[in-house]
Amino acid sequence: MPGPAVTSTLGQCDPTWAAPTGSTHQDSDIAVVGAGVIGCAAALRFAQQGLKVQLMDAGPIGMGASYGNAGHIATEQVFPPADPAILRKLPAMLVNPKGPLRLDWRYLPRITPWLCKLLANMRPGPFQHSTRALRALNEHSLAAWQGLLSSIGEQALLECRGNLSVYEQPQSRKSADALRNRMAKQGVAVEHLSRAELFEREPHLTQRLMGGLEFKNTAHVVDPYRIVMALARAAQYLGARFTQCRVTDASLNAEGVELVTTTGPIKARRVLIACGAHSAELVQKLSGQRPPLDTERGYHLMLPHEVGRLRMPVNSLERSFIMTPMAEGLRLAGTVEFAGLKRPPRMARAWGLATQGNALFDTPLDTRDAEPWMGFRPSLPDALPVIDRLAEGRLLLAFGHQHLGLTQAALTADILSSLITDGSATAMHYRAESSRPIDLHPYRLARFI
């Protein structure tokens with residue numbers, strides 16, 4: 001359970017807060033490797049439990065994948081992104097340099113084993129297993145965010161207005177109905193909207209749209225970076241420390257863990273690995289098992305002069321991208337590229353999102369001062385994250401959330417908190433407030449053995 005609430009900390013703490021010189025050698029109750037939304041949410045929950053927390057990241061807080069996500073609390077996305085239905089479309093998608101999915105042929109030898117595992121998880125049994133496990137997390141994720149933000153007085157960072165999936169072609173109605181029926185069977189609240197109902201929700205959308213789906217039990221954040229910083233500052237308020245450093249080696253011992261970093265050694269009784277697409281090497285060092293973790297390079301285009309165009313996130317069923325209204329403008333996101341961690345970004349993919357966005361409005365988008373961005377989504381071939389407790393609780397894992405890192409971050413932090421404090425945590429179940437237990441076995445690292 002969370003500790004005592006604190007008042008809003010935005011603006012009260014130095015955004016560059018760090019451990020004092022030499023303090024990286026001090027013992028902590030838990031070291032959190034990764035200062036993205038999942039690491040910061042977990043650090044806050046641990047600090048609310050009264051634990052001494054050492055947070056660390058190779059870069060500044062919140063400047064990795066968490067900075068550039070679409071900002072959508074996507075609780076409706078209960079199906080793995082790699083759906084068997086896309087297989088027939090895959091060749092055309094891969095050869096289209098401007099399409100929603102691109103595979104860099106130079107990266108093909110490296111990613112082939114991962115892709116084979118991905119294809120194996122498209123079979124009916126594994127696909128249904130992943131769907132059940134995603135649904136189990138997503139159905140509690142919005143409430144977890146509301147609880148976490150309420151505990152620090154930052155409820156205003158979350159907008160609970162739902163989201164729309166729209167379509168342009170009359171023949172797409174059949175696909176929209178099929179998707180609605182599939183989601184309704186999974187307990188997702190979804191309603192088909194006529195053209196008139198669609199324009200009641202979002203009057204600035206183009207009159208060419210034929211209809212859409214409305215998902216009411218979803219939300220979006222006003223700024224993903226502000227969310228991460230609010231969590232980090234609240235954790236600092238409760239005594240957590242941050243060190244910007246790179247972890248070069250790690251080992252477990254009877255007392256806990258020792259991390260070798262570029263700023264010196266850090267000792268702690270426990271460690272949480274939550275550094276997204278960069279987690280595999282540390283996990284292997286500490287557990288002896290290397291997860292099949294790869295990255296989907298995601299792009300966005302931020303339009304700072306487009307404030308007020310939309311009230312809620314809108315995605316296109318045909319164009320496979322999303323537009324999210326934020327405090328600082330409109331964010332267009334949604335492309336996927338398989339090219340690894342080292343290839344330079346192809347920002348033309350980000351700029352191409354403006355063309356896609358313009359197709360959904362009668363008045364062209366204002367692209368003045370637009371800012372393109374690319375980041376690394378941590379992806380596992382079964383579309384499920386790793387959330388686990390190993391080495392008698394000395395090692396905690398939270399990575400591989402793919403497209404749902406923001407969505408599932410607060411719930412993941414709650415689960416990790418329970419894995420530390422619950423004496424029956426080895427049973428690998430978590431009970432969200434006023435709900436049935438979540439079976440945590442689908443998210444264990446051992447599933448890849």
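Every value quoted in this text rests on a predicted model; they were computed, and no experiment measured them.
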**Q** State whether the side chain of S28 and the backbone N or O of A31 hold a donor-acceptor pair below 3.5 Å, judged by distance alone.
**A** no

**Q** Would you sort out whether R208 and D362 count as a salt bridge (charged side-chain N to carboxylate O under 4.0 Å, His left out), showing the intermediate values?
**A** CA-CA 9 Å; R208 295 187 300 274; D362 291 325; 3.4 Å; yes

**Q** Which pair of non-hydrogen atoms, one from L55 and one from G34, has the smallest distance, and what is that distance?
**A** CD1-O, 3.6 Å

**Q** Does the salt bridge (charged side-chain N to carboxylate O under 4.0 Å, His left out) test come out yes or no for E154 and R226, once each step is laid out?
**A** CA-CA 10 Å; E154 293 290 359; R226 284 175 61 187; over 6 Å; no

**Q** Give a yes-or-no answer on whether the side chains of S316 and Q356 include a donor-acceptor pair shorter than 3.5 Å.
**A** no

**Q** Describe, in one word, how the ring planes of W373 and Y67 are oriented to each other, choosing from parallel (under 30°), tilted (30 to 60°) and perpendicular (over 60°).
**A** tilted

**Q** Do N138 and V188 have side chains that approach each other closer than 4.5 Å (heavy atoms only, starting at C-beta)?
**A** no

**Q** After noting the C-alpha distance and the side-chain angles of D177 and R180, does the key distance pass the salt bridge (charged side-chain N to carboxylate O under 4.0 Å, His left out) rule?
**A** CA-CA 5 Å; D177 286 343; R180 180 190 60 184; 3.7 Å; yes

**Q** For a quick test of reading the model, state the closest non-hydrogen atom pair linking F46 to I30 and the distance between them.
**A** CE1-CD1, 3.4 Å

**Q** For the pair R290 (side chain) and V283 (backbone), establish whether a donor and an acceptor sit closer than 3.5 Å, ignoring hydrogens and angles.
**A** no

**Q** Is a side-chain N or O of E318 found less than 3.5 angstrom from the main chain of E168, in a donor-acceptor match?
**A** yes

**Q** If I take atom CG from residue L380 and atom OG from residue S130, how far apart are they, to the nearest 0.5 angstrom?
**A** 10.5 Å

**Q** Answer yes or no: is there a side-chain heavy-atom contact under 4.5 Å between Q48 and L238?
**A** yes

**Q** Looking only at non-hydrogen atoms, find the nearest pair between E306 and P364 and report the distance.
**A** OE2-O, 4.2 Å

**Q** Would you please say whether a donor-acceptor pair under 3.5 Å links the side chains of S379 and D294?
**A** no

**Q** Does a donor on one side chain and an acceptor on the other come within less than 3.5 Å for R241 and Q54?
**A** yes

**Q** Heavy atoms, side chains only, cut-off 4.5 Å: are H204 and L310 in contact?
**A** no

**Q** Does R309 make a cation-pi contact with F361, if we ask for NZ or CZ under 6.0 Å from the ring centre and within 45° of the axis?
**A** yes

**Q** For the residue pair L118 and P381, what are the closest heavy atoms and their distance?
**A** CD1-O, 3.5 Å

**Q** Going by heavy atoms in the side chains, are L231 and I152 under 4.5 Å from each other?
**A** yes

**Q** State, yes or no, whether a side-chain contact exists between V386 and I273 at a heavy-atom distance under 4.5 Å.
**A** no

**Q** When you compare the side chains of H220 and N163, does any donor N or O come within less than 3.5 Å of an acceptor on the partner?
**A** no

**Q** What heavy-atom pair brings I61 and M229 nearest, and what distance separates the two atoms?
**A** CG2-SD, 3.7 Å

**Q** Taking the side chain as every heavy atom from C-beta outward, state whether R173 and H192 have any pair of such atoms under 4.5 Å apart.
**A** yes

**Q** Could you tabulate the donor-acceptor pairs under 3.5 Å formed by side-chain atoms of residues 71-83, not counting sequence neighbours?
**A**
residue	atom	partner	partner atom	Å
H72	ND1	A219	O	3.2
H72	NE2	E76	OE1	3.3
H72	NE2	E76	OE2	3.0
T75	OG1	N217	O	2.7
D83	OD1	A85	N	2.8
D83	OD2	R182	NH1	3.2
D83	OD2	R182	NH2	3.2

**Q** Would you please say whether a donor-acceptor pair under 3.5 Å links the side chains of Q236 and R233?
**A** no

**Q** Roughly how far apart are R161 CZ and E202 CD, rounded to 0.5 Å?
**A** 9.0 Å

**Q** If every non-hydrogen atom of L301 is compared with every non-hydrogen atom of A354, which pair is closest and at what distance?
**A** CD2-CB, 3.8 Å

**Q** Tell me if the CD atom of E281 is crowded by more than 12 foreign heavy atoms within 6.0 Å.
**A** no

